[in-house]
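What follows is a single structure, written as structure tokens, with notes after it.
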Amino acid sequence: MLCQRCQERPATVHLTKVINFQKTELRLCEVCAKIAGSELGLIFESGFSFQNLIASLLEGLESDVDLYQKEAENSDWEKESQCQNCGLTFSDFKNTGLFGCGDCYSHFKSGLEPLLKKVHGNMRHSGKVPKRTGGLILIKKEIEEMRSELQQAISTENYEKAAELRDEIRRREKELQREV
Amino acid sequence: MEMNNYSLILPKWVSKEGEAGDVVLSSRVRLARNLKGFPFPNCANNQQLSEIGKTIESAVQIENCHAGHFNILRVKDIDSIERMMLVEKHLCSPQFIDEPEYKWLIVNEEQSISLMVNEEDHLRIQAMASGFAVDFSLDLANKIDDCLEESLEYCFDENCGYLTTCPTNLGTGVRVSLMLHLPCLTMVEQIKKVLSALNHVGINVRGLYGEGTESYGNIYQISNQITLGRSEEELAGHLKSVCRQVIEQERNVREALYKESRIQLEDRLCRSYGILTEARLLSSEEALKLLSDVKLGVELDMISTVDKVKLKELMFLSRAALLQKVTGQEIKSCERDYYRAQLIRDYLRKSE
């Protein structure tokens, strides 16, 4: 859900106002919540959450020495660099732990890589590929699998199978070139 | 209270014992998917959210996915008790019903497959089965996924895999989880050691209803933490082999306790049975704890008068919203414990 005030950032704060027995509920982003809060004389402190955990994971990756210097450089990038598709900034992501659209992944690639390494220990998808729309990726994946089979066939001196695999790999590679 | 066939409202898998049913209550596989061309739910406006709903709804209707008839529920159109029931039956997450606007839940007749629309991701496909049935559930979820992909275009990247709202689900988007009943590991206080060891090998431990919920009645949920860089089968295989070890440890402790302090154990479990069959007030927490004891008693042949499947059904029927459904009336929360005790008494008597 989008912030009801700015209609730009995702709403992360649920604000309930009761004035003269009139209850109004607002769902705001952190920035607008701070503004709305200060109008009412409130101070917001975001509590512990799973998302904060992501932020702390990201920060824990840098050594203390570089931290101050980096923080100054980073904070500009984090606040200013916006995903062209959905308008999310990296500091929005650090606050919520959530991306706004698929394009965010390519836009924030450099900031995201250390996090992915820490969470998954791995950077490259090696699982399922969509059947209908996967197309070329599926062929590439098959070739990769056959290559590792080929290595295995060679190491176990199963040359007959290795030859078969080699021919099949060539055939599939040609197919791939034709498609491109 | 009239005795109906209450099990009819429960998912079919609840009334089956399943493989390794002495320890594993259920297996679940969840796939996270997003549609191309839409912002993720947290950044989408209302019009986009409703378009996402319509797109998925019509994909389900076109491809019937060989999984029987699907019921499509608009979460905002159902009352709060019905919503809570969906959580108690594990058909959706507690977060899903928090904000019911622009959310759809699509469930098959057997209630083994559910699709959450506009939770954290556009689409979450979930398959559940009784006992230790990871492969079966993964296969089922994959079939539904393939089938829906015939008419949906997913957000997918060659390097990153399926793109998800939270990067902790990136890649396969798969979360395999098992619900385990571990009374003896808990009894001998080894459970913390076991669970923290699981954390070191990339396995998460959660409470009864998933993330951020508590564990009652010695029931624990374990699931894979990593989703990127390994295939679905590898991730499931890893969880399976870890789970087998936990099952074995639980069984070993059961055997040791049976040999070494049989009378004490039998006394404790039979006392619990006594309370369960005679009590007039039972909170849901106490009921789950006692049901856990009686289940163990049945597994160890110390209690022979109770049917295992009935016990498992009671673990569900004694939950607050389901309890209201089976008694067929609105119960005030102060009366709930009374009706719960009555339901359990009647149900156990019937099974004798």
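The structure presented is a predicted model; accordingly, all values stated were derived computationally and were not measured. In what follows, chains carry the letters A, B, and so on, assigned in the order in which the sequence lines appear, proteins first and then strands, with residues in each chain numbered from 1.
Classification of the H122(B)-F38(B) ring pair by plane angle, with boundaries at 30° and 60°, yields perpendicular.
The most heavy-atom pairs under 4.5 Å with chain A, out of D146(B), N45(B), T172(B), N118(B), come from D146(B). Counting heavy-atom pairs closer than 4.5 Å to chain B, the top residue among K131(A), K128(A), K140(A) is K128(A). Note on F156(B), Y102(B), F40(B), Y162(B): by heavy-atom pairs under 4.5 Å with chain A, the leading option is F40(B). The most heavy-atom pairs under 4.5 Å with chain A, out of L235(B), L49(B), V174(B), D145(B), come from D145(B).
Residues satisfying the side chain to side chain contact (heavy atoms under 4.5 Å, CB included) test with D157(B), not counting sequence neighbours, are N159(B), C160(B), L163(B).
Classification of R172(A) and E175(A) as a salt-bridged pair holds, one side-chain N sitting under 4.0 Å from a carboxylate O. With respect to E150(B) and R132(A), no salt bridge is recorded, no charged nitrogen being found less than 4.0 Å from a carboxylate O.
With a 4.5 angstrom heavy-atom cutoff, N42(B) touches chain A via backbone and side-chain atoms both. For a residue to count as touching a neighbouring chain, one of its non-hydrogen atoms must lie under 4.5 Å from one of that chain's; by this rule L170(B) touches chain A with backbone and side chain alike. Contact of N46(B) with chain A is not made at all, since no heavy-atom distance falls under 4.5 Å. When heavy atoms are compared at a cutoff of 4.5 Å, L152(B) approaches chain A solely by way of its backbone atoms N, CA, C and O.
Checked by atom type, the side-chain pair T227(B)/N169(B) shows no donor-acceptor distance below 3.5 Å.
For residues 93-102 of chain B, the set of pairs meeting the salt bridge (charged side-chain N to carboxylate O under 4.0 Å, His left out) definition, not counting sequence neighbours, comprises R27(A)-E99(B).
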